[in-house]
2 protein chains.
Amino acid sequence: MMELTRKGEYAIRGIVYLAAQPVDRVCLLSDIAAAVDVPATFLAKIFQQFSKIGLVKSYRGTGGGFLLGRVPEKITLLEVVEAVEGPIIPNRCVVGAGECARDVSCTVHPVWKKVQEQVRAALEGVTLKDLAGG
Amino acid sequence: MMELTRKGEYAIRGIVYLAAQPVDRVCLLSDIAAAVDVPATFLAKIFQQFSKIGLVKSYRGTGGGFLLGRVPEKITLLEVVEAVEGPIIPNRCVVGAGECARDVSCTVHPVWKKVQEQVRAALEGVTLKDLAGG
DNA sequence: CCTAACAAGACTTTTTTTATCCTTTTAGGG
DNA sequence: CCCTAAAAGGATAAAAAAAGTCTTGTTAGG
């Protein structure tokens, strides 16, 4: 359980690769995909999600490609993971009131809340700079 | 991401219900299923898994049913969750050497390791006694 | 030996994940 | 202005996992 999907794995590989490139080096999706060994069409979808929230910048047409939306030290692993996997929710009952039909006195609730917080904290404490080994 | 499956959720509900019963009260699967609102056939599978590893004891035939394999304070949430969901593995690369094909220098590795440890610790710190509100 | 209950395995359905393909949009260069 | 390069977006398909059901077997009590 608690397993990152392949999509998440690919997402990390792809953006870490970008973070390891020289600043302002525009990378082709096809090059990134080949370098990190991910199907290009799938990585395209992932980078579209990144692009929408500004994690990466994209340029179309000749000479186009991708580069990081911010400096690597300002992008956390949490952002990357949540961008493609959605929020970290160990159990539906941590989402909010009413979601946990098992009543007000759901004793497991605080446990999942704690798990959620710890995982988020762990991922938030790591930046792309750390991962790219700048 | 990181979401408990319905099976895990059902497993917790079922065994917490057992833990809340008077000691030595043998419970019918059908009663448990009705009480915690889980399909009886599905809960049967879950309790079979519990039974195999001794988390619950089962008795067949007339007057049969289930009861807890140990006192509630000796059963952790971690055991319950791992019994039905398998080990907590945030990423395949934490499993062991060789699993992470991305080389010796996989920089994300330690992050997942930490996540794994924290989640396990959080779940291990909670027992069925805590959850059943003894 | 009849009935109650769990055990076990096969099977089906549904949902999610993992992809691929095709068309559209944007941009640069001749 | 047209051609080509590249990403964007939508639809669809294939594969895997999760969720649930069914049937048969086993064990025990009366």
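Proteins get letters first, then strands, A, B, ... in listed order; numbering begins at 1 in each.
- Of all nucleotides listed (D/dA6, C/dA19, D/dA8), D/dA6 comes nearest to the side chain of A/Leu28.
- At a threshold of 4.0 angstrom between heavy atoms, the contacts of A/Phe66 are confined to the sugar-phosphate backbone, with no base atom among them.
- Between A/Gly61 and A/Arg6, the residue whose closest nucleotide on DNA chain D is further toward the 5' end is A/Gly61.
- Distance from the side chain of B/Thr41 is smallest to D/dT21 among D/dA7, C/dT20, D/dT21.
- Of the listed nucleotides (D/dT26, D/dA6, C/dA19), D/dT26 has the atom at the smallest distance from the side chain of B/Arg60.
- Residue B/Gln48 places its side chain closer to C/dA7 than to any other of C/dA7, D/dA7, C/dT20.
- Looking at which nucleotide of DNA chain C each of B/Leu29 and A/Ala40 is closest to, the 5′-most match is held by B/Leu29.
- Distance, A/Lys52 NZ to C/dT25 C1': 15 Å, rounded to whole Å.
- Transitive grouping of hydrophobic side chains (ILVMFWY, heavy atoms separated by less than 4.5 Å) keeps A/Tyr59 and A/Phe47 in distinct clusters.
- In this structure, CD of B/Glu85 is placed 12 Å from C1' of D/dA17, rounded to the nearest angstrom.
- Remark: the B/Lys45 side chain and the D/dG20 base include no donor-acceptor N/O pair separated by less than 3.5 Å.
- In the set D/dA19, C/dT18, D/dA8, the nucleotide with an atom closest to the side chain of A/Ser58 is D/dA8.
- Remark: P of C/dA19 and CG of A/Asp37 are 11 Å apart, rounded to the nearest angstrom.
- Residue A/Val80 forms a side-chain contact (heavy atoms from CB on, under 4.5 Å) with just one option from A/Leu131, A/Leu123, A/Leu55, and that option is A/Leu55.
- For the pair B/Val119 and A/Gln118, the minimum side-chain heavy-atom distance is 4.5 Å or more.
- In this structure, A/Tyr10 atom OH and C/dT20 atom C1' are separated by 13 Å, rounded to whole Å.
- Among the atoms of the strands shown, only primed sugar atoms or phosphate atoms (P, OP1, OP2) are found under 4.0 Å from some heavy atom of B/Tyr59.
- Using modelled atom types, one side-chain atom of A/Glu85 and one backbone atom of A/Thr5 make a donor-acceptor pair closer than 3.5 Å.
- In the model, A/Glu9 has a side-chain atom that pairs as donor or acceptor with a side-chain atom of B/Asn91 under 3.5 Å.
- Distance from the side chain of A/Thr62 is smallest to C/dA27 among C/dT20, C/dA27, D/dA19.
- Distances from the side chain of B/Thr5 to the nucleotides D/dG20, D/dA28, D/dA18 place D/dA18 closest.
- Remark: C1' of C/dA5 and NZ of B/Lys57 are 18 Å apart, rounded to the nearest angstrom.
- Taking atom CD1 of residue B/Ile89 and atom P of nucleotide D/dA17, one finds them 13 Å apart after rounding to whole Å.
- Residues B/Tyr10 and B/Pro39 have side chains in contact (heavy-atom distance under 4.5 Å, counting atoms from C-beta outward).
- If you take CD1 of A/Ile46 and C1' of D/dA8, they are 15 Å apart, rounded to a whole angstrom.
- Here A/Ser51 lies in heavy-atom contact (under 4.0 Å) with sugar-phosphate atoms only.
- Protein atom CG of B/Leu43 is 14 Å distant from nucleotide atom C1' of C/dA7, rounded to whole Å.
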